[in-house]
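First comes the structure, then the notes that go with it.
Keep in mind that this is a model prediction, so the values were computed, not measured. Counting from 1, the numbers follow the sequence of the chain as shown. For the numbers below, each heavy atom of this structure counts, side chains included, while hydrogens, waters and symmetry mates do not.
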Amino acid sequence: MQQKKDAPLRSDAQRNRERILEVALAELTRSADAPLSAIAKKAGVGQGTFYRHFPNREALVLEVYRYEVQQLADTAAQLLETRAPDRALREWMDRFAQYSMAKAGLADALGKATARGTLAALGHGPVTAALTLLLNANDEAGTIRPGVTPDDFLLAIAGLWQIDPHSDWQPRAGRLLDLVMDGLRAGAPGSAARG
């Protein structure tokens, strides 16, 4: 009897899958051409187990990307639980920049393994959901100008992708994100009370 595609994995199978993803993230970030056999060996699983979870390089790379983007997106709600909306948004921006710069090697692997449209579709949903949550919280608190959409926000921070991830990128990214945050705060209903 074949397992349903959406059925939950047994706990040992889930551990194997997570171990493969952890190793694959590290190896693909280091080298876009990391051999799948080396990833399986470092994860401590046999070839059969590896290929049951990930039948080819594209399936593995897409799942690593999806998993990482979801982790980043999930931090939005966590930040809002403990910080003011504008502080949560600014900290999430830093995490987004860190993710973007740290995954330069993974980006190469993604480029080699996927069609651009597939990649955009995978990341768009979780990132848009996280941004919607953060922007709505700020809109309700009056800490940013009203009506900012996730697409507006992504266009505003597009300069991040012009920064060389192999350089001392943190100061430049920080200045860019501070400028974006200042722009978001300009015209905010609560800005007159704070200013």
Discussion item. Less than 4.5 Å apart, side chain to side chain, heavy atoms only: is that true for Y65 and V69?
Written reply: yes
Discussion item. Nearest 0.5 angstrom please: Q162 CD to L176 CG, how far?
Written reply: 10.5 Å
Fill in: Nearest-0.5 Å distance that lies between atom NE2 in H53 and atom CD in Q14
8.0 Å
Fill in: Closest contact, heavy atoms only, S167 versus I163
OG-CG2, 4.3 Å
Worksheet item: Between the side chain of S31 and the main-chain N/O of L28, is any donor-acceptor distance below 3.5 Å?
Response: no
Item to complete: Without swapping roles, check the side chain of W92 against the backbone of L72 for a donor-acceptor pair under 3.5 Å.
Response: yes
Item to complete: Output the distance between atom CD (E63) and atom CD (E68), rounded to the nearest 0.5 Å.
Response: 11.0 Å
Practice prompt. Measure across A34 and R57 and return the closest heavy-atom pair with its distance rounded to 0.1 Å.
Written response: O-NH2, 2.6 Å
Discussion item. How close do L60 and A24 get, counting heavy atoms only, and between which atoms?
Written reply: CD1-CB, 3.8 Å
Worksheet, complete the sentence: Note: I39 and I20 closest approach over all heavy atoms is CG2-O, 4.2 Å
Fill in: Those residues that, when tested against W169, pass ring pair (Phe, Tyr, Trp, His ring centres under 6.0 Å) (two or more places apart)
none
Worksheet item: CG/L155 to CG/D151 distance, rounded to the nearest 0.5 angstrom?
Response: 6.5 Å
Item to complete: Please tell me if the side chains of L89 and F153 come closer than 4.5 Å, counting only heavy atoms from C-beta onward.
Response: yes
Worksheet item: Between CE of M181 and CG of D178, what distance do you get to the nearest 0.5 Å?
Response: 9.5 Å
Discussion item. For A173 versus L160, what's the shortest heavy-atom pair and its separation?
Written reply: CB-CD2, 3.8 Å
Worksheet item: Under a 4.5 Å cut-off applied to non-hydrogen side-chain atoms, are Y99 and Q71 in contact?
Response: no
Worksheet item: So does Y51 have more than 12 non-hydrogen atoms from other groups sitting under 6.0 Å from OH?
Response: yes
Worksheet entry | Validation row: F96, L177 side chains within 4.5 angstrom (heavy atoms) | no
Worksheet entry | Closest heavy-atom pair and its distance - P126, A73 | O-CB, 3.3 Å
Practice prompt. Supply the atom-to-atom distance M93 CE to Q98 CD, rounded to the nearest 0.5 angstrom.
Written response: 14.5 Å
Worksheet item: Do the side chain of T149 and the main chain of D152 share a donor and acceptor less than 3.5 angstrom apart?
Response: yes
Fill in: Which residues share a side chain to side chain contact (heavy atoms under 4.5 Å, CB included) with R83, sequence neighbours left out
L79, R87, A88, E91
Worksheet item: Stepwise, does the salt bridge (Lys or Arg N to Asp or Glu O under 4.0 Å) test hold for E27 with R30?
Response: CA-CA 5 Å; E27 294 302 307; R30 191 174 8 264; 2.6 Å; yes
Worksheet item: Under 3.5 Å, is there a donor-acceptor pair between the side chain of R145 and the main chain of G183?
Response: yes
Below 3.5 Å, can you tabulate the donor-acceptor pairs from side chains in residues 132-139 to any protein atom, sequence neighbours excluded?
| unit_1 | atom_1 | unit_2 | atom_2 | d |
| --- | --- | --- | --- | --- |
| T132 | OG1 | T128 | O | 2.7 |
| N136 | ND2 | T132 | O | 3.3 |
| N138 | OD1 | D86 | N | 2.9 |
| N138 | OD1 | T143 | OG1 | 2.5 |
| N138 | ND2 | P85 | O | 2.9 |
| N138 | ND2 | L134 | O | 2.8 |

